[in-house]
Amino acid sequence: MTRRVIDDFLLAAEVTLAELVDSLHSSAEQRDKVVATPPLAEAVRALRIDEWLRDGGMDAPALGVFLREYLRRSTHLHDQGFMAHQVAVPHYAAALGDLVSGMTNNGMAIYEMGPPAVALERAMLAWLRGFCGFTEGSGVLVHGGSIANLTALLAARAAGCPEAWRKGVPAELCVLVPAASHYSMARAVAIAGMGEQGAVPLPVDELGVLRVEELPATLAEVRQRGRRPIALVANACATATGLYDPIADVAAFCRSEGLWLHVDGCHGASALLSPRHRHLLRGVELADSLVWDAHKMLRTSALCAAVLYRDAAAAGRTFQQDAKYFRCDVDAERPNLFPLAIECTKTALGLKLFLTVAHLGEQGLAEHVASAYERTSRFHDLIEARSGFRCAYRPQSNILCFRYGDGDQEKLRRPLLAEGRFHIGSTMLGDRRWLRIVVMNDATDDATIVAMLDAIERAATR
Ligand SMILES: *Cc1c(COP(=O)(O)O)cnc(C)c1O
């Protein structure tokens, strides 16, 4: 970079920071809508996308104008009315990590492409493994929970059917997956060559929680049909409800049957940080793999997902390609990460998680998780106490499904989104649609919820 370009960078960065700070103030004071979804063409026009693509030449002042419009139209996670999706309200340290990672662009899956980034990834993986008890294990940071699930499943496949890597997947191979699992799980099974039918649904109760007592009969029946299960999946917690499967009991079953236990903790593994909530994952130390998204409950900007393994040797067998090359390349003091990951060029994902923990402290993050879980339990009581409202269950995490009256809940949600003060979601439980909130923002409090219930009542009478 010439001196001139570096000066331009400073100017552009100053403008960017100023616009971001203004947008954060705006969110804190709820000056803009938390969410707005005008048709796509409107954003194309307002952001002058076609003109910029044709002409180029954006300078710092023009960048400021562009960013103002971009930020105003974005979904505002820092607004206390944001309760719709399981995406972290990021700590600024994580976002600054993204900036540094972007500018250094160290594609660090190879050690020489970013020694400090590799050191941070290793440190953060060890930090996470400390909470789930995989102290002798290993792991890798990847770009999102969906890829994390796929990566772990490939490790399970390598353990249960090592020949699959060279010869392809035998038709009888399958994975036992609770019906309430995130869609990325069934997708991973299909991508791993077992077909959609390779994801054999496990029996769950009316709220989607695994019925452990029915596992022996289900497994016997699956084997009877000539299928060969290589792994069983448990949720910690399930995406729709935020409810946890009983991991200790499932783990005992998997041990006795020689099945690889994969725990999908994308959302809920962070409860391990909170002494008051880690019991929800009791038994997780007996699992073979655990996936954990830092960009959900650990205040880290997307994406930052961990794949964690109890047994380092089993993890190392996942991708058996070019084994000889990998071996001669192994240097414990200068480790390469690509043997464990699908990705080749990899972002310095450990940096932003490290900076988040370094700023908030383990204690601060534990408090963030505990507070979100405890407020959601209080919100449950608030909602239940109000006439016409009903919750689907007592929440275990920061995800809660509820409804108002017996009508179409989407007819309540849509005007709420149009109003733009509250961003909430909805989900199907069984054959009914429920409204769904995920309490991600530290600023979301009782008053937010009361105002939201008022708004829903107004929408219902309109
Ligand atoms: C969010 C989620 C996923 C998907 O993770 P992404 O990071 O969005 O790809 C998978 N499983 C569960 C249980 C989740 O909550």
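In each ligand, atom 1 is the first atom listed, and ligand 1 is the first ligand listed. Hydrogens, waters and symmetry mates are skipped; everything else that's a heavy atom, side chains included, is used.
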For atom 6 (P) of ligand 1, closest protein heavy-atom neighbour: Gly145 N, 3.4 Å
Ligand 1 contact on Asn235 by region, counting heavy-atom pairs under 4.0 Å: neither
Donor on one side chain, acceptor on other, Asn235 and His182, under 3.5 Å: no
Cys237 contact mode with ligand 1 (heavy-atom cut-off under 4.0 Å): backbone
Between His423 and Asp79, a side-chain donor and acceptor under 3.5 Å: no
Atoms of ligand 1 close to Asp293 [distance to a heavy atom under 4.0 angstrom, numbered from 1]: 5 (O), 6 (P), 7 (O)
Spacing of CG belonging to Leu273 relative to CE belonging to Met297, to within rounding of 0.5 Å: 10.0 Å
Residue, atom name and distance, where the atom is the protein heavy atom closest to atom 4 (C) of ligand 1: His182 CE1, 3.3 Å
Ligand-side contact atoms (ligand 1) for residue partner His295, heavy atom cut-off under 4.0 Å: 7 (O)
Distance-only N or O hit between ligand 1 and Ala238, under 3.5 Å: no
Parallel, tilted or perpendicular: ring planes of Trp260 versus Tyr309, cut at 30 and 60 degrees: perpendicular
Identity and distance of the protein heavy atom lying nearest atom 11 (N) of ligand 1: Asp264 OD2, 2.7 Å
Under 3.5 Å side-chain donor-acceptor pair for Glu410 and Ser426: yes
Sub-4.0 Å heavy-atom approach of Ser184 to ligand 1: yes
Gln80 versus Thr448, side-chain donor and acceptor atoms under 3.5 Å: yes
Side-chain donor-acceptor contact under 3.5 Å, Trp292 with Ser270: yes
Minimum non-hydrogen distance to atom 3 (C) of ligand 1, winning option of Met297, His85, Lys296, Gln86: Lys296
Element-labelled atoms of ligand 1 that are located less than 4.0 Å from some non-hydrogen atom of Thr239: 12 (C), 13 (C), 14 (C), 15 (O)
Any donor-acceptor N/O pair, Asp288 side chain to Leu261 backbone, under 3.5 Å: yes
Part of Ser146 within contact of ligand 1 (heavy atoms, under 4.0 Å): both
